[in-house]
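For reference, the structure is listed below as structure tokens.
Numbered from 1 within each chain, the chains take letters A, B, ... in sequence-line order. The model shown is predicted, which means the values in this text are computed figures rather than measured ones.
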2 protein chains.
Amino acid sequence: MAPTLLIVEDDPALAELLVWSFEAEGYKVLQTPDGEEALLIAAETPPDAIILDWMIEQLSGIEVCRRLRRHPELASVPIIMLTARGEEEDRIRGLETGADDYVTKPFSPRELIARLAAVMRRTRPALAGQTMRIEDLELDPVAHRVRRDGKEIALGPTEFRLLQHFMERPGRVLSRGQLVTGVWGHDSDIEERTVDVQVKRLRAAINSTGGRDMIRTVRSAGYSLG
Amino acid sequence: MAPTLLIVEDDPALAELLVWSFEAEGYKVLQTPDGEEALLIAAETPPDAIILDWMIEQLSGIEVCRRLRRHPELASVPIIMLTARGEEEDRIRGLETGADDYVTKPFSPRELIARLAAVMRRTRPALAGQTMRIEDLELDPVAHRVRRDGKEIALGPTEFRLLQHFMERPGRVLSRGQLVTGVWGHDSDIEERTVDVQVKRLRAAINSTGGRDMIRTVRSAGYSLG
DNA sequence: CAACTCAATGACAGTTCTGTGACAGCGCCT
DNA sequence: AGGCGCTGTCACAGAACTGTCATTGAGTTG
């Protein structure tokens with residue numbers, strides 16, 4: 001599932017640029033120019049991160065930040081502050097208030113995206129690129145979880161390793177021999193036919209929720225995912 | 001316990017200033033001017049955070065960063081990069097490599113301290129004294145209290161440390177080995193199966209009030225909370 | 001279509017891994 | 001000393017997972 005982002009920015013041109021940039025990165029973006037409304041939106045659908053302009057109407061960014069931190073549901077949502085001022089005092093106040101990072105205008109969208117990714121990598125490892133995804137199938141190696149279409153799928157250890165091996169090489173046809181050494185290890189004396197059985201088990205698991213068979217059998221060559 | 005900091009900086013004057021500043025803040029500080037040595041120290045006694053100069057001898061800061069990220073034990077240690085260059089390209093490369101934040105020279109120690117605090121608040125809430133919460137389970141490291149659904153839960157010392165370790169890494173699967181070194185310490189010669197027993201005790205405690213089992217067993221991998 | 005090759009399946013027995021209860025040792029307090 | 005709470009280890013039972021095999025089924029070729 002795409003991570004949701006709330007952008008609070010009252011300069012229409014900049015707001016549009018940001019929305020566009022982050023949507024291109026695959027984020028689901030909510031946006032408002034207004035501090036009060038930002039709090040309402042955040043309470044309604046807690047985003048995975050917030051981009052907050054220091055100078056906005058109604059409530060100052062710093063006040064929004066403070067209130068977010070006081071809200072138990074939202075206290076742990078990462079916040080990146082945007083500010084035109086470069087003075088150190090302001091940066092420090094921002095950080096002390098609970099912002100996780102802060103970016104000085106002018107900045108390029110690319111930098112902001114990189115910073116957000118850094119923050120997300122920390123707070124939501126599952127959302128920040130660690131997770132591998134192919135169509136509606138996702139594998140989070142850190143949490144050791146697999147989902148298809150959002151529904152969790154239970155896999156045994158070998159099935160998990162096998163799937164991980166496939167997902168690291170999407171679309172590629174892997175021979176039984178390659179799979180044996182890759183998944184079972186160099187020195188295993190496993191029967192090659194055993195691969196068939198594990199593939200069958202993996203198939204049963206990831207197709208149990210319905211949906212097409214994502215593993216393709218390539219006769220006399222091997223298997224591929226995707 | 002004071003959080004440990006590793007400072008990698010080859011300018012002696014700056015290094016000394018940083019060591020002094022952070023020790024005054026109550027951190028335990030390790031320091032080296034050398035990239036290779038930094039990796040060794042980090043592997044030996046994983047610090048709670050790393051301050052890393054971009055331009056250092058032997059290995060560039062960026063390379064050190066990359067290697068740290070590849071090391072499983074150290075992958076989640078927050079890194080703040082120090083750089084004299086202000087070019088955006090470098091910042092982005094730094095962040096993409098896995099740094100959590102980056103500070104441009106010249107900077108005041110006070111700003112660096114504020115930034116480190118912001119990063120730590122996010123990654124090691126316990127060190128910042130913040131109470132951590134996962135669903136209806138909360139742990140207050142300062143008061144040494146644990147509650148589930150508002151009801152207080154009594155834990156033994158080891159159970160408490162184990163739970164804290166889990167809550168600092170929610171959702172993450174931790175191997176028995178990682179738990180032994182993380183909860184019992186590097187040099188303990190504890191039987192790995194002992195982890196099972198403590199997990200069982202912890203489970204019994206936090207599930208005693210009713211509610212689902214929050215600890216997930218991941219066969220042949222370890223346990224995770226959440 | 002028949003022969004042949006390769007893949008899918010179901011059954012199964014062996015192995016590996018986890019959950020548990022029991023127990024002895026330790027440090028602390030009374 | 002005796003009681004108490006906490007810990008680490010062990011042994012055992014049960015659960016989960018795995019590799020193999022025999023059989024069935026699908027695809028290919030002449």
Side-chain angles (χ1 to χ4, degrees), chain A residues 139 144-146 152-166 172-208 211-225, chain B residues 139 144-146 152-166 173-208 212-225:
Chain A
L139 182 151
H144 236 267
R145 272 174 198 284
V146 175
E152 172 136 19
I153 290 176
L155 293 181
T158 308
E159 289 152 33
F160 186 87
R161 265 178 320 187
L162 181 58
L163 179 58
Q164 184 165 350
H165 201 80
F166 273 124
R172 211 168 123 189
V173 176
L174 300 167
S175 72
R176 294 183 173 73
Q178 290 174 313
L179 289 170
V180 168
T181 61
V183 175
W184 279 264
H186 280 287
D187 46 353
S188 79
D189 53 348
I190 288 296
E191 197 63 38
E192 284 206 350
R193 284 271 145 231
T194 298
V195 174
D196 294 32
V197 179
Q198 288 296 351
V199 166
K200 165 188 137 48
R201 287 169 180 157
L202 180 56
R203 268 182 170 141
I206 65 177
N207 299 330
S208 62
R212 72 177 186 91
D213 183 5
M214 296 184 66
I215 300 180
R216 184 169 56 111
T217 303
V218 181
R219 194 178 165 83
S220 78
Y223 300 93
S224 82
L225 175 71
Chain B
L139 182 151
H144 231 262
R145 261 170 209 285
V146 175
E152 173 138 16
I153 290 175
L155 293 180
T158 308
E159 288 153 32
F160 186 87
R161 264 177 303 145
L162 181 58
L163 179 58
Q164 180 168 328
H165 201 80
F166 273 125
V173 173
L174 301 169
S175 71
R176 294 182 174 72
Q178 290 175 314
L179 289 170
V180 167
T181 60
V183 175
W184 280 264
H186 274 286
D187 44 354
S188 78
D189 53 348
I190 288 296
E191 198 63 37
E192 284 205 349
R193 290 295 262 102
T194 298
V195 173
D196 294 32
V197 179
Q198 288 297 349
V199 166
K200 166 185 138 51
R201 288 170 180 157
L202 179 57
R203 267 182 171 141
I206 65 177
N207 299 330
S208 62
R212 71 176 186 92
D213 184 4
M214 297 185 65
I215 300 180
R216 182 171 62 113
T217 303
V218 181
R219 187 171 230 260
S220 81
Y223 299 93
S224 81
L225 175 71

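Protein atom NZ of A/Lys200 is 10 Å distant from nucleotide atom P of C/dA8, rounded to whole Å. Taking atom CG of A/Asp196 as the reference point, atom P of D/dT24 lies 18 Å away to the nearest angstrom. Between the P atom of C/dA22 and the CZ atom of B/Arg193 lies a distance of 17 Å, rounded to the nearest Å. At whole-Å resolution of the value, CG in A/Leu202 and C1' in C/dT9 are 16 Å apart. Across the protein-nucleic acid pair, A/Arg176 atom CZ and C/dA7 atom P stand 4 Å apart, rounded to whole Å. Whole-Å rounding puts the B/Glu159 CD to D/dG5 P distance at 13 Å. For the pair A/Arg203 CZ and C/dT9 P, the interatomic distance rounds to 7 Å; values are reported in whole Å. The distance between atom CZ of B/Arg216 and atom C1' of C/dT18, rounded to the nearest whole Å, is 15 Å.
Here C/dT9 is the nucleotide among C/dT9, D/dT7, C/dA7 with the atom lying nearest to any side-chain atom of A/Val197. The side chain of A/Arg201 has C/dA11 as its nearest neighbour among D/dC17, D/dT7, C/dA11. You'll find that the side chain of A/Thr217 is closest to C/dA8, out of C/dA8, C/dT18, D/dC6.
Side-chain N/O atoms of A/Thr158 include none lying less than 4.0 angstrom from OP1 or OP2 on D/dC17. The side chain of B/Trp184 contributes no N or O atom lying less than 4.0 Å from OP1 or OP2 of D/dT7.
Counting any heavy atom pair closer than 4.0 Å across all strands shown, B/Thr194 reaches a base atom. As judged by a 4.0 angstrom heavy-atom cut-off over every strand, B/Tyr223 is placed among residues touching the sugar-phosphate backbone only.
Judged by distance alone, with hydrogens and angles left aside, the side-chain atoms of B/Arg203 form no donor-acceptor pair with the main-chain N or O of B/Asp213 at under 3.5 Å. For the pair B/Glu159 (side chain) and B/Gly156 (backbone), a donor-acceptor distance under 3.5 Å is present. In terms of modelled atom types and a separation under 3.5 Å, the side chain of A/Gln198 and the main chain of A/Val195 share no donor-acceptor contact.
Shortest non-hydrogen contact noted between A/Leu155 and A/Phe160 is CD1-CA, 4.0 Å.
Across the interface with DNA chain C, nearest-nucleotide mapping of B/Ala221 and A/Val199 shows A/Val199 to be the residue nearer the 5′ end. Where A/Arg219 and A/Asp189 meet DNA chain D, the nucleotide closest to each residue was compared, and A/Asp189 sits on the side nearer the 5' end.
The side chain to side chain contact (heavy atoms under 4.5 Å, CB included) check on A/Val173 picks up A/Arg216, A/Val218, A/Ala221, A/Ser224, with sequence neighbours excluded.
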